[in-house]
Student: 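Before anything else, here's the structure in question.
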Amino acid sequence: MSKPRDPVAGPDSPEPPFPIRLSGPVIKGFGRGSKDLGIPTANIPADDLSEKHPELTTGVYYGVVALDPKTYHHETSEGSTSTAVVLPAVLSIGYNPFYKNTVRSVEIHIMPALTEPSPTAAGQEGHTKFNRLPDFYKTRLNLLILGYIRPEFDYVSLEALVEDIRVDCEVARESLLREAYKCYLVDSGKTSGKVSEDRAWLVSFD
Ligand SMILES: Cc1cc2nc3c(=O)[nH]c(=O)nc-3n(C[C@H](O)[C@H](O)[C@H](O)COP(=O)(O)O)c2cc1C
Ligand SMILES: Nc1ncnc2c1ncn2[C@@H]1O[C@H](COP(=O)(O)OP(=O)(O)O)[C@@H](O)[C@H]1O
Ligand SMILES: [Mg+2]
């Protein structure tokens, strides 16, 4: 048995180099996320990553995302919205050692709002239904990376990889529930300068 993982990752408020801004159109990946793992990941181009963000090492991170509402209509209980909805996310940046990719990819799994029950909560091991939205290929995605979780690993089985990603979702969720992170998701009206600036960038799609 491997030892239990820490329930949260990173300091109590984002520290440099975070938040890191990434943006790009959602592109096709290797087609494994949904099919092999049951975990859809929105892939965005990674071409200029080493030039623009040399500090961004390979690994698993958490953050917040927004999709361009011009092409993605998010359904809420109030109906369809024309402003971008901000959602929590967990992502991997790297070569997917389990699949031995030769090119680096950025793969983002968008989670449900923190006010909704978590589909990846413990007790569902082996039966987890990861969050799935209607497809949004080609839509522009803005991402603020807020913290680092762990390095990428190779695994003895597909089940072991899926279980670790399930725990990543829970770690991301608990980490983002902290006040200094939650303010990126929920605009309380009293957020300070830099947070509002980053949040304004997140939901702007010109
Ligand atoms: C939160 C998260 C953590 C991941 N961690 C690993 C990892 O440690 N090792 C690995 O080989 N792949 C990891 N992956 C990548 C998955 O293997 C990848 O999403 C899958 O291969 C789907 O790829 P595709 O979008 O190209 O189809 C992770 C993905 C996510 C979303
Ligand atoms: N919760 C989600 N997070 C990320 N992408 C999602 C989600 N739900 C649906 N999708 C869609 O699924 C696609 C990714 O599925 P995936 O099986 O990883 O395919 P690919 O290999 O092409 O990336 C995304 O591009 C997006 O259109
Ligand atoms: Mg993918």
Side-chain angles (χ1 to χ4, degrees), residues 2 5-10 22-47 49 56-76 84-114 116-120 128-143 145-176 185:
S2 51
R5 292 177 44 187
D6 286 343
V8 296
L22 294 188
S23 180
V26 175
I27 55 172
K28 282 268 177 201
F30 294 97
R32 298 170 183 143
S34 311
K35 222 158 26 107
D36 284 9
L37 307 176
I39 311 170
T41 55
N43 297 38
I44 58 169
D47 320 330
L49 218 54
L56 211 47
T57 53
T58 60
V60 178
Y61 297 84
Y62 58 91
V64 295
V65 298
L67 296 169
D68 189 344
K70 290 196 289 300
T71 43
Y72 184 76
H73 304 285
H74 189 89
E75 294 295 329
T76 67
V85 177
V86 179
L87 288 168
V90 67
L91 65 139
S92 105
I93 299 180
Y95 299 88
N96 300 358
F98 184 74
Y99 290 105
K100 305 188 172 40
N101 292 352
T102 53
V103 289
R104 186 153 68 153
S105 60
V106 178
E107 317 197 347
I108 303 147
H109 175 66
I110 303 180
M111 304 190 296
L114 299 182
E116 289 179 27
S118 171
T120 48
T128 306
K129 284 259 180 294
F130 288 84
N131 192 35
R132 174 161 275 287
L133 305 163
D135 277 359
F136 49 87
Y137 285 109
K138 294 186 179 161
T139 297
R140 182 151 149 232
L141 180 154
N142 288 346
L143 164 72
I145 306 181
L146 298 173
Y148 175 81
I149 303 182
R150 63 172 176 91
E152 283 198 305
F153 297 122
D154 194 358
Y155 290 89
V156 292
S157 66
L158 194 73
E159 291 70 28
L161 169 62
V162 172
E163 172 57 13
D164 237 11
I165 299 178
R166 184 191 70 75
V167 177
D168 291 329
C169 293
E170 288 304 292
V171 172
R173 196 179 150 87
E174 289 304 316
S175 301
L176 290 166
L185 280 160

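Counting starts at 1 for both ligands and their atoms, following the listed order.
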Student: Can you tell which part of N43 has a heavy atom less than 4.0 Å from ligand 1: side chain, backbone, both or neither?
Tutor: side chain

Student: Are N43 and K28 packed together at the side-chain level, in the sense that at least one heavy-atom pair is separated by less than 4.5 angstrom?
Tutor: no

Student: What residue and atom, counting heavy atoms only, is the protein's closest point to atom 17 (O) of ligand 1, and at what distance?
Tutor: Y99 CE1, 3.5 Å

Student: Under a 4.5 Å cut-off applied to non-hydrogen side-chain atoms, are F130 and T120 in contact?
Tutor: yes

Student: Just to be sure I'm reading this right: ignoring hydrogens, which of P40, A42, G59, S92 gets closest to atom 14 (N) of ligand 1? Compare them by their nearest heavy atoms.
Tutor: S92

Student: If you measure every N/O of V60 against every N/O of ligand 1, is any gap under 3.5 Å?
Tutor: no

Student: Where is the nearest protein heavy atom to atom 7 (C) of ligand 1: which residue, which atom, and how far?
Tutor: F153 O, 3.5 Å

Student: To the nearest 0.5 Å, what is the distance between CD1 (I108) and CG (L141)?
Tutor: 4.5 Å

Student: Heavy-atom count check: over 12 atoms from other residues, nucleotides or ligands less than 6.0 Å from K138 NZ?
Tutor: no

Student: Do R140 and S23 pair up side chain to side chain, a donor and an acceptor below 3.5 Å, judged on atom types alone?
Tutor: yes

Student: Who gets closest to atom 1 (C) of ligand 1 by heavy atom: D154, I27, V90, V106?
Tutor: V90

Student: Looking just at side-chain N and O atoms, do S92 and E107 make a donor-acceptor pair shorter than 3.5 Å?
Tutor: no

Student: Side chains of C169 and S118: does their closest heavy-atom pair fall under 4.5 Å?
Tutor: no

Student: Which residue, I44, L143, V86, forms the side-chain contact (heavy atoms from CB on, under 4.5 Å) with V65?
Tutor: L143

Student: Among all protein heavy atoms in this structure, tell me which lies nearest to atom 24 (P) of ligand 1, with the distance rounded to 0.1 Å.
Tutor: F30 N, 3.7 Å

Student: Can you pull out the closest protein heavy atom to atom 22 (C) of ligand 1? Residue, atom name and distance to 0.1 Å, please.
Tutor: G33 N, 3.3 Å

Student: Within less than 4.0 angstrom of ligand 1, does R150 place any heavy atom?
Tutor: yes

Student: Could you list the atoms of ligand 1 found under 4.0 angstrom from a heavy atom of G31?
Tutor: 27 (O)

Student: In terms of atom number and element, which parts of ligand 1 are under 4.0 angstrom from non-hydrogen atoms of G29?
Tutor: 26 (O)

Student: Rounded to the nearest 0.5 Å, what separation is found between the CG atom of L161 and the CD1 atom of I165?
Tutor: 4.0 Å

Student: Under 2.8 Å from the Mg ion (ligand 3), which protein N, O or S atoms do you find? Ignore water molecules.
Tutor: T41 O, T41 OG1, N43 OD1

Student: Give me the residue, atom name and distance of the protein heavy atom closest to atom 6 (C) of ligand 1.
Tutor: L161 CD1, 3.7 Å

Student: So, 4.0 Å and heavy atoms of Y155: is ligand 1 close enough to count as a contact?
Tutor: yes

Student: Look at atom 23 (O) of ligand 1 and say which protein heavy atom is nearest, naming residue and atom and giving the distance to 0.1 Å.
Tutor: E107 OE1, 3.3 Å

Student: Can you name the residues that come within less than 4.0 Å of ligand 2, going by heavy atoms only?
Tutor: V26, K28, G29, F30, G31, R32, G33, S34, P40, T41, A42, N43, I108, H109, I110, N131, R132, L133, D135, F136, Y137

Student: Considering only protein heavy atoms, which is closest to atom 27 (O) of ligand 1, and at what distance to one decimal place?
Tutor: R32 N, 2.6 Å

Student: Nearest 0.5 Å, what's the CD1-CD1 distance between I145 and I93?
Tutor: 4.0 Å

Student: Tell me the contacting part of D168 for ligand 1: side chain, backbone, both, or neither, using a 4.0 Å heavy-atom threshold, strictly below.
Tutor: side chain

Student: What is the nearest protein non-hydrogen atom to atom 16 (C) of ligand 1, stated with its residue, atom name and distance?
Tutor: L37 CD1, 3.8 Å

